[in-house]
Amino acid sequence: MELQKPRGTRDFLPEEMIKRRYIENKLRKIATHWGYGEIKTPTFEHIELFTLKSGEGILGEIYNFKDKGDREIALRPELTAPVVRMYVEELQRSPKPLKFFYFDNCFRYERPQKGRFREFFQFGVEIIGSVRPESDAEVIALAVEMLKSAGVGGDLHVGNLGIVRALLKDTRPEHQGKIMRLVDKKDDLGLEEFLDKINAPDDMRGKLFRLIGLHCENAVHEARELVGDIDAISQFKVLLDLLDVYGLEYQVDLGIARGLDYYTGMVFEIYCEGLGAQNQVCGGGSYRLAALFGGEDTPSTGYGIGFDRIMEICEVNPQPPKRIVVVSFEDTRKEAIIIANKLREHVSTYVDVMGRKFKDQISYANTIGASHVVIVGKNELDAGKVALKDMKTGEQVLVTVEEAVERVKS
RNA sequence: GCCUGGGUGGGGUAGCUGGUUAUCCUAUGGGACUGUGGAUCCUACGACCCGGGUUCGAAUCCCGGCCCGGGCCCCA
């Protein structure tokens with residue numbers, strides 16, 4: 001094999017694209033119905049956009065290069081930063097809230113595995129300008145609705161970073177990060193060890209383990225007992241009530257950390273079976289990034305859906321589009337093209353381009369699963385008609401082109 | 001970056017304790033069948049991932065690389 005696609009990239013053949021577009025259109029339709037407008041940002045950005053957001057540490061996983069003007073450019077590894085950049089650059093004075101969705105490819109230089117590629121697709125949503133739990137709840141509900149439409153059911157985990165952070169407020173910042181990471185990984189053993197190492201106070205330690213162990217109904221109540229009546233908890237309570245209004249099933253999970261500092265409060269993740277190690281199909285939360293990019297501080301909430309992961313597990317079988325084949329003879333090829341063009345206004349139509357004989361054209365129609373064949377022969381043309389053959393039943397009738405269109409459309 | 005399994009025509013495979021022309025199925029192009037498909041037959045096309053090493057001889061054994069799968073790290 002002389003030429004191969006680069007590692008971690010994929011080709012999508014027509015059969016698969018039908019499936020992907022089918023799901024994509026469902027997601028798109030829902031986002032639109034919920035009042036979100038589609039946006040598109042550049043495939044590449046200045047690399048600072050991403051290092052500002054995620055730290056220098058991400059450089060190792062980014063596709064970057066210097067362009068001919070000596071600018072350091074990165075293929076986008078995600079879409080939240082570009083959306084916020086776009087907002088800061090041209091939309092700060094727009095009426096709030098701003099509600100956007102996007103569907104695009106992203107690039108990360110990572111070791112490929114199941115559900116993880118170097119070029120992958122994200123379908124995401126951001127709502128900019130609201131601090132309130134209403135927007136958090138809407139975004140979560142929208143995520144669930146999208147997954148449902150794709151035939152994917154998952155476990156929804158909802159948390160709030162403010163609660164654990166309040167507990168850790170007296171801990172050194174660099175320790176906080178480490179603790180959050182261990183908590184997020186649900187690595188209780190590692191967490192114990194680390195807390196030992198930094199001599200964490202017993203009181204804090206006990207509360208921390210109890211907090212991240214809360215999953216059920218009265219989690220809010222118990223959390224309040226543990227860390228006091230702080231704002232984050234009241235917010236969280238309102239959010240959970242709203243999720244009930246949306247009729248969502250969820251699990252409280254105060255251990256979700258989502259890695260980075262700019263998440264401000266609500267965080268959520270949705271997990272699915274059947275994806276191996278990469279079982280998260282959706283993740284998001286509320287965050288503040290605008291100020292980091294030089295804009296006014298603006299609250300936002302959003303999420304990204306791992307489109308490829310959905311495709312991996314969704315069970316949909318969209319109907320293949322109906323196809324019909326116009327079959328002709330040596331002396332009627334030109335007429336066949338004209339008739340095919342009329343049919344093409346209504347259905348997907350094939351006409352022979354291989355110089356095949358009559359019989360082989362019908363055979364071809366059969367192998368591509370055509371529902372009908374329109375036969376354009378001298379005899380039919382003399383009568384001002386064509387023969388319409390139903391490939392399922394084998395029945396054949398003499399009709400005008402217009403009648404053929406009508407019959408084939410149904 | 002680390003651990004682990006794998007790579008034979010377009011797809012699926014046999015061979016892989018080294019030894020003629022690399023097996024079979026399928027798909028594809030052409031034909032037998034001259035205005036009616038699915039069948040059959042004929043024919044064509046087409047592969048040992050790449051590079052080095054061992055050997056008289058390598059698809060087969062060894063090393064390195066590339067790519068794929070699974071896991072770790074990471075996951076914005």
Side-chain angles (χ1 to χ4, degrees), chain A residues 1-11 13 15 45 47 49-62 74 76-84 106-118 120 122 124 181 184-185 187 190 256-263 267 269 271 275-285 287 289 292 302-304 306 309 312 325 327-332 336 354-382 386-396 398:
Chain A
M1 195 63 68
E2 285 196 347
L3 236 37
Q4 294 177 296
K5 58 187 161 302
R7 176 161 210 206
T9 63
R10 291 158 295 162
D11 294 317
L13 276 40
E15 197 184 344
E45 298 265 3
I47 201 163
L49 179 62
F50 304 109
T51 51
L52 265 177
K53 173 177 181 249
S54 310
E56 301 285 324
I58 56 152
L59 284 173
E61 278 105 51
I62 265 182
R76 58 177 170 225
E78 49 114 2
L79 283 156
T80 301
V83 171
V84 176
C106 299
F107 309 84
R108 292 184 190 175
Y109 194 89
E110 296 182 293
R111 179 80 165 79
Q113 51 182 270
K114 189 178 178 72
R116 176 186 271 187
F117 307 94
R118 287 185 171 180
F120 61 98
Q122 269 199 351
R181 207 170 316 157
D184 191 57
K185 268 166 55 180
D187 181 3
I256 299 175
R258 292 203 63 72
L260 293 163
D261 299 339
Y262 54 82
Y263 281 102
V267 282
E269 297 183 337
Y271 313 98
L275 280 167
Q278 312 299 322
N279 66 340
Q280 188 186 318
V281 293
C282 177
Y287 59 88
L289 273 176
L292 193 59
Y303 63 80
R309 294 183 187 172
E312 193 100 357
V325 175
V327 172
S328 61
F329 301 89
E330 215 36 68
D331 57 349
T332 58
M354 295 284 283
R356 284 195 173 111
K357 296 182 209 167
F358 179 76
K359 184 171 180 155
D360 292 329
Q361 291 179 47
I362 292 187
S363 179
Y364 174 72
N366 183 59
T367 63
I368 66 166
S371 68
H372 295 82
V373 158
V374 169
I375 297 169
V376 180
K378 201 88 193 130
N379 300 344
E380 288 82 3
L381 288 177
D382 285 346
V386 295
L388 179 67
K389 180 184 173 90
D390 185 318
M391 291 298 280
K392 262 238 171 64
T393 63
E395 281 166 27
Q396 192 170 317
L398 199 62

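Numbered from 1 within each chain, the chains take letters A, B, ... in sequence-line order. Given the structure is predicted, the values throughout are model-derived calculations rather than measurements.
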Side chain of Glu110(A) - closest among C74(B), U36(B), G70(B): C74(B)
Touch class at under 4.0 angstrom, heavy-atom based, for Gln280(A) against every strand present: nothing
Test item: Arg108(A) side-chain N/O and Pro77(A) main-chain N/O as donor-acceptor pair under 3.5 Å: yes
Touch class at under 4.0 angstrom, heavy-atom based, for Gly115(A) against every strand present: nothing
Nearest-angstrom distance from the residue atom CG of Leu59(A) to C1' of C74(B): 14 Å
Distance, P atom - from A44(B) to C49(B), rounded to whole angstrom: 25 Å
Separation of the P atoms in G12(B) and G1(B), to the nearest angstrom: 29 Å
Nearest heavy-atom neighbours spanning Pro82(A) and Phe50(A): CD-CE2, 3.8 Å
Which pairs, protein N/O on one side and nucleotides 3-5 of chain B N/O on the other, fall under 3.5 Å?
unit_1	atom_1	unit_2	atom_2	d
C3(B)	N4	Arg111(A)	NH2	3.4

Distance, rounded to the nearest Å, where Arg181(A) contributes CZ and C74(B) contributes C1': 9 Å
Nearest-angstrom distance, C1' atom, C33(B) to C42(B): 13 Å
Nearest heavy atoms of Asp184(A) and Ala257(A), plus distance in Å: OD1-N, 2.8 Å
Interatomic distance, Thr332(A) atom OG1 to Glu380(A) atom CD [nearest 0.5 angstrom]: 8.5 Å
Residue whose nearest RNA chain B nucleotide is more 5′ - Gly8(A) or Thr393(A): Thr393(A)
Residue Tyr271(A) excluded, over 12 heavy atoms near OH under 6.0 Å: yes
Contact summary for Glu61(A) and Glu110(A), nearest pair of heavy atoms: CG-CG, 3.8 Å
Base-pairing mate for G5(B) - Watson-Crick or G-U, with both contacts under 3.5 Å: C68(B)
Distance, rounded to the nearest Å, where Arg118(A) contributes CZ and C68(B) contributes C1': 12 Å
Distance-only donor-acceptor test (3.5 Å): side chain Arg116(A), base C74(B): yes
Sugar-phosphate, base or nothing in reach of Glu269(A), heavy atoms under 4.0 Å: nothing
Contacts of type side-chain hydrogen bond (donor to acceptor under 3.5 Å, both in side chains), residue Lys114(A), not counting sequence neighbours: Glu312(A)
Any N/O donor-acceptor pair, Gln278(A) side-chain to G71(B) base, under 3.5 Å: no
Gap in Å between the two C1' atoms, one belonging to U8(B) and one to U13(B), rounded: 9 Å
Sub-4.0 Å heavy-atom contacts from residues 356-365 of chain A onto RNA chain B, ordered by number: Arg356(A), Lys357(A), Phe358(A), Lys359(A), Asp360(A), Ile362(A), Ser363(A)
Partner nucleotide of A44(B) by Watson-Crick or wobble geometry (both distances under 3.5 Å): U28(B)
For atom CZ of Phe120(A) and atom C1' of C75(B), their distance in whole Å: 9 Å
Partners meeting ring pair (Phe, Tyr, Trp, His ring centres under 6.0 Å) with Phe358(A) (sequence neighbours left out): Phe329(A)
Spacing of Met391(A) atom CE relative to G38(B) atom P, expressed in whole Å: 9 Å
Touch class at under 4.0 angstrom, heavy-atom based, for Lys392(A) against every strand present: nothing
Rounded distance in Å - CD (Gln4(A)) to P (C68(B)): 8 Å
Non-neighbouring partners of Tyr287(A) that pass side-chain hydrogen bond (donor to acceptor under 3.5 Å, both in side chains), sequence neighbours left out: Glu126(A)
Shortest side-chain distance from Lys389(A), nucleotide among A76(B), U36(B), G35(B): U36(B)
Euclidean distance for P, A14(B) against C24(B) (whole angstrom): 14 Å
d(CD, Glu78(A); C1', C75(B)) in whole Å: 11 Å
Residue pair Arg10(A) / Phe120(A): nearest heavy atoms and the distance that separates them: NH2-CA, 3.9 Å
Candidates G71(B), G35(B), G30(B) - which lies nearest the side chain of Ala277(A): G71(B)
Atom P, compared across G7(B) and C63(B): separation rounded to whole Å: 15 Å
Atom pair distance, as rounded to whole Å: OH in Tyr303(A) and C1' in A76(B): 18 Å
Expected output: side-chain Arg309(A) to main-chain Gln280(A) donor-acceptor under 3.5 Å: yes
Sugar-phosphate only, base, or nothing, as touched by Gly60(A) at under 4.0 Å among non-hydrogen atoms: nothing
Separation between the P atoms of A27(B) and A22(B), rounded to whole Å: 24 Å
Closest-nucleotide ordering on RNA chain B, the 5'-leading residue of Gly276(A) and Thr9(A): Thr9(A)
C1' atoms of C45(B) and C66(B), separation to the nearest Å: 28 Å
Listed partners of Gln113(A) passing side-chain hydrogen bond (donor to acceptor under 3.5 Å, both in side chains), at least two apart: Gln278(A)
